[in-house]
Number of protein chains: 2
Amino acid sequence: MDESLTSRQLTKCDECRFGAHIEWSELETSEVELLNTTRRTRSHRRGGTIFNQDDEPQGIYCVSGGYVLLWRIDAFGNETAFGLVGPAELIGYRSYFAEDRHAATARALTDCQVCLVPSRTMRRLLDGSPALVRRFLRTLARDPGPSDGLLLRAHQVPIRVRLVSLLLILRDRFGVRGPDDSVEFNLPLARQDIAALVGARAETVTRTIKELEDDGIAIFHGRHVDVPHLDQLYEIVGIDEPV
Amino acid sequence: MDESLTSRQLTKCDECRFGAHIEWSELETSEVELLNTTRRTRSHRRGGTIFNQDDEPQGIYCVSGGYVLLWRIDAFGNETAFGLVGPAELIGYRSYFAEDRHAATARALTDCQVCLVPSRTMRRLLDGSPALVRRFLRTLARDPGPSDGLLLRAHQVPIRVRLVSLLLILRDRFGVRGPDDSVEFNLPLARQDIAALVGARAETVTRTIKELEDDGIAIFHGRHVDVPHLDQLYEIVGIDEPV
DNA sequence: CGTACCGTTGAGGTGAGTCAAAGTAAGTGG
DNA sequence: CCACTTACTTTGACTCACCTCAACGGTACG
């Protein structure tokens, strides 16, 4: 096993609480301590599986480093990705609260580190903290779930637009501002992953990318993307030009 | 206003609690009494609106009679229906817990009766009943939300299959067994509603219906549908024949 | 009896899928 | 470190399911 991850393993959950956006921020110090002592940290290599569709949930997973892709195979055999989760975000909570098997598979897009908060701990925390419960109610209600989470799989929206929407969504996490209004991306996504996210085939993604390159809107070099003018992305998504 | 509905208006929530499947079944008698005294019952004519997309939630709505369609207009202007709700089922809870405006519009498919449980009541009930909270956590986690709730909008699934899936889903509510393995439906849905539910255009629905009729799988007379052999529906959905 | 909506039918276009094959990158073992 | 396997990516030719636009027949309702 690669030790590079475990060496910079975080010792306290506090260090993970990047901000108020994570659910645990509702907890008191003593409760964070419980979280801290009962959680189980695991490292995953790129491509590894955190949990599998149809597995029985063992608790809630908290990503502390790296990125994770949530995808599922639907009743008709199509692979669909519906979520990309990064540091200080939770996964697997939906199945936990649904009291049902995992509806999705979580795959490590990069080497990553994930903590499992066991069901037993979750129960104690939820019983003791109405604030945490309220927070999870809100999270669940806002989470679009294993469906078209990214609004990327709406019908009658051309792949071109969906692809550009995806870029805009990923900008916060993987985009770096360049000179003027240019942006550079380093995506942890293979073409197939992109395809699964926008609800298309890999071949179509390739072709659409080429189209965007021809129009000078986004230049792809493998997983590196150059967007010379961010405005152009918004234009495409906004007005949905008639070709 | 038509009085036929108000005349058979239910006086107690108890009479509405058709079974354990409704959230209120978690409540104690005294709590049901609170529900009973603070709820506001409203009657709606067919076509009426219970709440509108982007409205501020005022509580949770409980359908006591009739059927309601949940639909929304997405960012790209497409109308999509994602839920059909009937007696003893709740609507609007997602927005309530999300602490956000309604993500959908609720339209009465039939004349119907809906009770509003005001936010104030909800707060009191939730504060007093951990069981109710747990139940709502489960409901939210299981509810696919304003997305492809019926698995009917999956990509690469032909409209024909989606339409048949819809029939199978609606069988419990609107299907009546006939002789042998035949089923009759009386749907409260216009062609456009069906189209919005399966993610297609009304014209395409018409054409697909005609196809099903030619194959003797389902005969449509307006909103009345005859299905001579239920098995055939399962066959279509199951094996997704290669034409 | 007209207005308005719903439903059907037709002609025509096309975006994206499918299949197949070649090219490229990435990881494995000797 | 190179040869080999395996998986990912690109390209091309072809097909078709569904959309669009437009017109017309039905049906409900004031």
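Just so you know, these numbers use all the heavy atoms, side chains as well, and skip hydrogens, waters and symmetry mates. Here is the naming used below: chain letters follow the sequence lines, and residue numbers restart at 1 for every chain.
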Check: Would you find a donor on one side and an acceptor on the other, under 3.5 Å apart, between the side chain of B:D111 and the backbone of B:R46?
Finding: yes
Rounded to whole Å, CD1 of A:I194 lies from C1' of C:dA16 at a distance of 17 Å
Protein-proximity profile, nucleotides 5-13 of chain C, B/S/- by nucleotide at the 4.0 Å heavy-atom cutoff, equals -SSSBBB--
When rounded to whole Å, the CD to P distance for the pair A:E213 and D:dT9 reads 14 Å
message: Before you tell me yes or no, could you show the steps for B:R162 and B:I159 under side-chain contact (heavy atoms from CB on, under 4.5 Å), namely the whole-Å CA-CA distance, both residues' side-chain angles and the distance that decides it to 0.1 Å?
response: CA-CA 5 Å; B:R162 291 187 230 165; B:I159 303 290; 3.6 Å; yes
Between CG of A:N78 and C1' of C:dT18 the distance, given in whole Å, is 14 Å
Q. Counting distance only, does the side-chain N/O of A:R191 pair as donor-acceptor with the main-chain N or O of A:A202 below 3.5 Å?
A. no
**Asked** Is a donor on one side and an acceptor on the other found under 3.5 Å between the side chain of B:R223 and the backbone of B:N186?
**Response** no
Between its two end axes (five pairs each) the helix from C:dC1-D:dG30 to C:dG30-D:dC1 turns, nearest 10 degrees, through 50°
Exercise for the section: Please work out which of the three classes, parallel, tilted or perpendicular, describes the rings of B:H102 and B:F51, given edges at 30° and 60°. Expected result: parallel
Note: for B:R46 and B:I159 on DNA chain D, the residue whose nearest nucleotide lies more 5' is B:I159
Here the ring pair (Phe, Tyr, Trp, His ring centres under 6.0 Å) pairs for residues 158-184 of chain A, sequence neighbours left out, are A:Y67-A:F174
Notebook entry, point to check: Quick check: does any side chain N or O of B:Q53 sit under 3.5 Å from a backbone N or O of B:I73, one acting as donor and the other as acceptor?
Noted result: yes
Here the distance between atom C1' of D:dT27 and atom NE2 of B:H224, to the nearest Å, is 18 Å
Closest heavy-atom pair, B:G216 versus B:P228, reported as atoms and distance to 0.1 Å, is O-CG, 3.3 Å
In whole angstroms, the gap separating P of C:dG17 from CD of A:E79 amounts to 14 Å
